[in-house]
Amino acid sequence: MRNYFKFCILIISFLSITSCFEIIEEIDLKSDGTGTMTYTLNLSKSKSKLASIMLLDSINGYKVPSRADIQKGLEDIVSELNKAEGISNIKKTADYDNFVFSIQCDFNSVQNINKISNQISSNQKNKAIKSSYVFDDNNGVFKRKYTHSEDVTKAYNKLNTENKKVFDDASYTVIYRFENEVTSQNNQKAKISKSKKAVMQRVSAMDVINGTGDFSTQILLKK
């Protein structure tokens, strides 16, 4: 799914006068280790500005992507996921009225997600955010291992002042949902839902870029 991050940042860079966006990562995990993963780029808070920008050819030195460009980007991700082991039921959505774009897929194991990320990362000179998942279904333990990469900070520092502004009010949200109740979780910035079957954490984009936002977590589920 790391290509989706790349695709999101590409669009955001093109639409650089807009700083209100959110990337949402959702994992719905079943007790047997199978589940669904969804990535969403939500630009709806700036939909009026974006509708106007889409009428332009370029802005701040970047070509404004057309609907066809965006659609092809989404289709390329779907095509790549179709080749991945243990990944199925891949769906894409593009809401151009509200500027919300999503990619969703089912997985047989969280290891299938890790393999995709590792494969893409190995083909990149600059390593993006390092993140992987572990699920011990016997003991009901879900872990996310997260390491910030200095390459993310370096890439941000290379942007000009106008393009840096796009990240000022942006955020990254992760949501984990489970069939069983959550007994505990160890990330101080995350919260357990009232139903006790979900954990959510929202981090500002700047905290992700600077490395002060940590997504590492260990969640213990009721057996």
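Any value given below was found using the heavy atoms of this structure, including those in side chains, with hydrogens, waters and symmetry copies removed. The chain is numbered in sequence order, starting from 1.
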side-chain contact (heavy atoms from CB on, under 4.5 Å) assessment of I87 paired with M37: CA-CA 10 Å; I87 301 296; M37 190 172 216; over 6 Å; no
Derivation of the side-chain contact (heavy atoms from CB on, under 4.5 Å) call for V199 and N187: CA-CA 10 Å; V199 174; N187 188 312; over 6 Å; no
Stepwise side chain to side chain donor-acceptor pair (under 3.5 Å) test for T40 and N42: CA-CA 6 Å; T40 300; N42 186 346; over 6 Å; no
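Within the 4.5 Å cutoff, the side chain of T217 has no heavy atoms near those of the V174 side chain. No side-chain heavy atom of S193 sits under 4.5 Å from any side-chain heavy atom of M200. F167 has its side chain out of reach of V208: every pair of non-hydrogen atoms, C-beta onward, lies at least 4.5 Å apart. Between K189 and V203, the closest side-chain pair of non-hydrogen atoms is not below 4.5 Å. Looking at heavy atoms from C-beta onward, T153 lies in side-chain contact with H148 at the 4.5 angstrom threshold. Two residues are said to be in side-chain contact when any heavy atoms from C-beta on lie closer than 4.5 Å; V182 and Y176 fail this criterion.
For the atom pair K143 NZ and S132 OG, the distance stands at 10.5 Å (nearest 0.5 Å). Interatomic distance, CZ of F107 versus CD1 of I90, reported as 13.0 Å (0.5 Å rounding). Separation of atoms CG (N98) and OG (S46) is listed at 12.0 Å; rounding is to 0.5 Å.
More than 12 heavy atoms of other shown residues, nucleotides or ligands fall within 6.0 angstrom of atom NZ in K223. Other residues, nucleotides and ligands contribute more than 12 heavy atoms inside 6.0 Å of the NZ atom of K164. Within a 6.0 Å sphere centred on CD of E75, other residues, nucleotides and ligands contribute more than 12 heavy atoms.
Ring planes of F215 and Y146: perpendicular class, angle over 60° (limits at 30 and 60°).
Side-chain atoms of S66 and D69 include a donor-acceptor pair closer than 3.5 Å. A donor atom on one side chain and an acceptor atom on the other are found under 3.5 Å apart for D106 and T36. Using modelled atom types and a 3.5 Å distance limit, the side chains of S216 and D214 yield a donor-acceptor pair.
With ring centers used as reference points, Y96 lies under 6.0 Å from F101.
Using a 4.0 Å cut-off between a side-chain N of Lys or Arg and a carboxylate O of Asp or Glu, R202 and E22 qualify as a salt bridge.
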